[in-house]
K.L.:
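Structure in structure tokens, see below.
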Amino acid sequence: MTSADDLQPSTPDGVTLRSDVTVELVKSSASDSDVLFAARVSTLGEQSIGELQKDPERSKGLINYLMRDRHGSPFEHNSLTFLVSAPIFVFREFMRHRVGWSYNEESGRYRELQPVFYVPDASRKLVQEGRPGKYVFVEGTPGQHETVQNVLGDSYRQAYEAYQKLLAEGVAREVARAVLPVGLYSSMYATCNARSLMHFLGLRTQHEMAKVPSFPQREIEMVGEKMEAEWARLMPLTHAAFNANGRVAP
């Protein structure tokens, strides 16, 4: 799930600090043909497997029409399963997306959690300016970045030391995990269809072609960008229509 290049060197106490997320497409049954079959069955009956290749321009036009006029159900007849590694606070935002999504996350009740924690790198904007609904994030100073790294690192080490102490005393894992922060990395399988993924991307990514502005937290946007790259490869016509129509889910 995670290569050695994704991890910063562990500290002497074994704590690993990361600033990335990883997304792996582990299983899929998703193609533009799935959209065409679902859309055409209502008027033409069952279609042959070569429908997309017979008339690619017509197929492209149909997918664009479905997206433009928001005929959404043909985009549901497919499936993508991702393995995601990210901080727990990213997963808490993920769980707001419930329609068309299924999740299974690693359990702190049944396994000892590993000391891998999130610390933003220098590219992460740190300072929020403005009031709720009218705010922007701006670059932090070098001093702020250094403070964030030091304070988070120290906090993570103290929390994990407390976790280990509780486990050593025989405290159940499900109780001991309460001392761990939301910056801890977790992993989960997330399964969706193209329609639910488009809704997710419309809210959790910023894009120049989006006609509805979105203001996602950067860390979940990083996950969304990696998911989108995999989906675009599998369903290029659907992805192009999504962009062409303002990145609004049908």
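Note that this is a predicted model, so its numbers are computed, not measured.
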K.L.:
Looking at V148 and P120, what are the two nearest heavy atoms and their distance?
P.N.:
CG1-CG, 3.9 Å
K.L.:
Could you name each residue pair satisfying salt bridge (charged side-chain N to carboxylate O under 4.0 Å, His left out) that touches residues 172-195, not counting sequence neighbours?
P.N.:
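As it turns out, the salt bridge (charged side-chain N to carboxylate O under 4.0 Å, His left out) pairs with a partner in residues 172-195, which skip direct neighbours, are E76-R195, R109-E174.
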K.L.:
Using 30° and 60° as the class boundaries, would you call the ring planes of H239 and F242 parallel, tilted or perpendicular?
P.N.:
tilted
K.L.:
For E161, look at atom CD and say whether over 12 heavy atoms of other residues, nucleotides or ligands are found less than 6.0 Å away.
P.N.:
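No, not enclosed.
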K.L.:
Do V248 and K211 come close enough that some side-chain heavy atom pair is under 4.5 Å?
P.N.:
yes
K.L.:
Would the distance check show the side chain of R68 and the main-chain N or O of N64 forming a donor-acceptor pair, the cut-off being under 3.5 Å?
P.N.:
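Checked: no pair found.
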K.L.:
Under the side chain to side chain contact (heavy atoms under 4.5 Å, CB included) rule, what do L126 and H145 come out as? Steps first, then yes or no, please.
P.N.:
CA-CA 8 Å; L126 292 182; H145 278 281; 3.5 Å; yes
K.L.:
Where the side chain of S155 meets the backbone of V151, is there a donor-acceptor pair that is under 3.5 Å apart?
P.N.:
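Answer holds: no.
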K.L.:
I'd like to know if E93 and R96 make a salt bridge, using a cut-off of under 4.0 Å between side-chain N and carboxylate O.
P.N.:
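Between R96 and E93 there is no salt bridge, as every charged N stays at least 4.0 Å from the carboxylate O atoms.
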K.L.:
Taking all non-hydrogen atoms of both residues, which atom of L62 and which atom of R40 are closest, and how far apart?
P.N.:
CD2-NE, 3.3 Å
K.L.:
If you round to the nearest 0.5 Å, how far is OH of Y103 from NE2 of H97?
P.N.:
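H97 NE2 to Y103 OH: 6.5 Å, rounded to 0.5 Å.
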K.L.:
Is it the case that one hydrophobic cluster holds both F215 and L203, taking links as side-chain heavy atoms less than 4.5 Å apart, direct or via other members?
P.N.:
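Unlinked, F215 and L203 end up in two clusters.
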K.L.:
In Å, rounded to the nearest 0.5 Å, how long is the span from OH of Y189 to CG of N104?
P.N.:
9.5 Å
K.L.:
Ignoring hydrogens, what is the shortest heavy-atom contact between S31 and M235? Give both atom names and the distance.
P.N.:
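Smallest heavy-atom distance, with atoms named: O-CE, 3.4 Å.
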K.L.:
Mind jotting down which residue pairs meet the salt bridge (charged side-chain N to carboxylate O under 4.0 Å, His left out) criterion with at least one end in residues 215-226? Sequence neighbours excluded, please.
P.N.:
R124-E219, R218-E221, R218-E225
K.L.:
With the side chain counted from C-beta on, respond yes when L36 and S59 share a heavy-atom pair under 4.5 Å apart, and no when they do not.
P.N.:
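Yes. Closest side-chain heavy atoms under 4.5 Å.
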K.L.:
Give, for atom CE of M95 and atom CH2 of W101, the distance between the pair rounded to the nearest 0.5 Å.
P.N.:
10.5 Å
K.L.:
Under the side chain to side chain contact (heavy atoms under 4.5 Å, CB included) rule, what do F200 and F94 come out as? Steps first, then yes or no, please.
P.N.:
CA-CA 9 Å; F200 175 86; F94 243 110; 3.6 Å; yes
K.L.:
Output yes when a side-chain donor or acceptor of D32 lies under 3.5 Å from a complementary backbone atom of T238, and no otherwise.
P.N.:
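It does hold such a pair.
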K.L.:
Angle class for the Y65/H71 ring planes (parallel below 30°, perpendicular above 60°, tilted otherwise)?
P.N.:
tilted
K.L.:
Do T147 and N150 meet the criterion of a side-chain donor-acceptor pair at a distance under 3.5 Å?
P.N.:
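No pair is found: no donor N or O on one side chain lies under 3.5 Å from an acceptor on the other.
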K.L.:
Got a second to check how far N245's CG is from L66's CG, nearest 0.5 Å?
P.N.:
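N245 CG to L66 CG: 10.5 Å, rounded to 0.5 Å.
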K.L.:
Is the F137 ring parallel, tilted or perpendicular to the Y135 ring (thresholds 30°, 60°)?
P.N.:
perpendicular
K.L.:
Where is the tightest heavy-atom contact between L180 and L184, given as atom of each residue plus distance?
P.N.:
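Result for this residue pair: CD1-CD2, 4.0 Å.
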K.L.:
Does any N or O in the side chain of E169 come within less than 3.5 Å of the main-chain N or O of L166, such that one atom is a donor and the other an acceptor?
P.N.:
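No.
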K.L.:
Mark yes or no for whether R247, through its side chain, and H207, through its backbone, hold a donor-acceptor pair below 3.5 Å.
P.N.:
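Not confirmed, R247 side chain does not pair with H207 backbone.
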K.L.:
Just checking, is any N or O donor in the side chain of Q206 or S214 under 3.5 Å from an acceptor N or O on the other one?
P.N.:
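Result is no, nothing qualifies.
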K.L.:
Taking the side chain as everything from C-beta on, heavy atoms only, tell me whether P115 gets closer than 4.5 Å to Y156.
P.N.:
no
K.L.:
Go through the structure and list residues passing side chain to side chain donor-acceptor pair (under 3.5 Å) with R111, not counting sequence neighbours.
P.N.:
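Only E106 meet the side chain to side chain donor-acceptor pair (under 3.5 Å) criterion with R111.
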K.L.:
Report yes if the side chains of H77 and N193 come closer than 4.5 Å at any heavy-atom pair, otherwise no.
P.N.:
no
K.L.:
I need the N243 CG to M198 CE distance, nearest 0.5 Å.
P.N.:
10.5 Å
K.L.:
When you look at NE2 of H199, are more than 12 heavy atoms from neighbouring residues, nucleotides or ligands closer to it than 6.0 Å?
P.N.:
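Atom NE2 in H199 is not packed in, count stays at 12 or less.
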K.L.:
Are any of the side-chain heavy atoms of L80 and L25 separated by less than 4.5 Å?
P.N.:
yes
K.L.:
Under the criterion side chain to side chain contact (heavy atoms under 4.5 Å, CB included), which of V23, V26, T22 is the partner of F82?
P.N.:
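The single option meeting the side chain to side chain contact (heavy atoms under 4.5 Å, CB included) with F82 is V23.
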K.L.:
Output, in order, the C-alpha distance, side-chain angles, deciding distance and verdict of side chain to side chain contact (heavy atoms under 4.5 Å, CB included) for L152 and F117.
P.N.:
CA-CA 9 Å; L152 287 180; F117 298 93; over 6 Å; no
K.L.:
Group every Ile, Leu, Val, Met, Phe, Trp and Tyr by side-chain heavy-atom contacts under 4.5 Å, then state whether V119 and Y163 land in the same group.
P.N.:
yes
K.L.:
When you look at CD of E146, are more than 12 heavy atoms from neighbouring residues, nucleotides or ligands closer to it than 6.0 Å?
P.N.:
no
K.L.:
Kindly determine whether S186 and I88 satisfy side chain to side chain contact (heavy atoms under 4.5 Å, CB included), including the steps that lead there.
P.N.:
CA-CA 6 Å; S186 186; I88 287 175; 3.9 Å; yes
K.L.:
May I ask you to test the R18-V116 pair for a side-chain heavy-atom distance under 4.5 Å?
P.N.:
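Result yes, sub-4.5 Å side-chain heavy-atom pair found.
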K.L.:
State the OG1-NZ distance between T81 and K27, to the nearest 0.5 angstrom.
P.N.:
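Output value for this atom pair is 5.0 Å.
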K.L.:
Quick one, F89 with Y118, criterion ring-ring contact (aromatic ring centres under 6.0 Å, His included). Give me CA distance, side-chain angles, the key distance, then yes/no.
P.N.:
CA-CA 10 Å; F89 66 79; Y118 176 76; 5.8 Å; yes
K.L.:
Quick check: does any side chain N or O of Y160 sit under 3.5 Å from a backbone N or O of L113, one acting as donor and the other as acceptor?
P.N.:
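Looks like yes, one N/O pair under 3.5 Å.
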K.L.:
So do M227 and E230 actually touch side chain to side chain, heavy atoms under 4.5 Å?
P.N.:
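They are not in contact (no side-chain heavy atoms under 4.5 Å apart), so the answer is no.
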K.L.:
Linking I/L/V/M/F/W/Y whenever any side-chain heavy atoms sit under 4.5 Å apart, do V212 and M209 land together?
P.N.:
no
K.L.:
Say whether T191 and S102, considering side chains only, have a donor N or O and an acceptor N or O under 3.5 Å apart.
P.N.:
no
K.L.:
Is there a donor-acceptor pair closer than 3.5 Å between any side-chain N or O of N78 and the backbone N or O of A194?
P.N.:
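Yes.
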K.L.:
Could you tell me which non-hydrogen atom of G183 sits nearest to which non-hydrogen atom of P87, and how far apart they are?
P.N.:
O-CB, 4.1 Å
K.L.:
Which heavy-atom pair separates P74 from A38 by the least distance, and what is that distance?
P.N.:
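The pair with the smallest heavy-atom distance is CA-CB, 3.8 Å.
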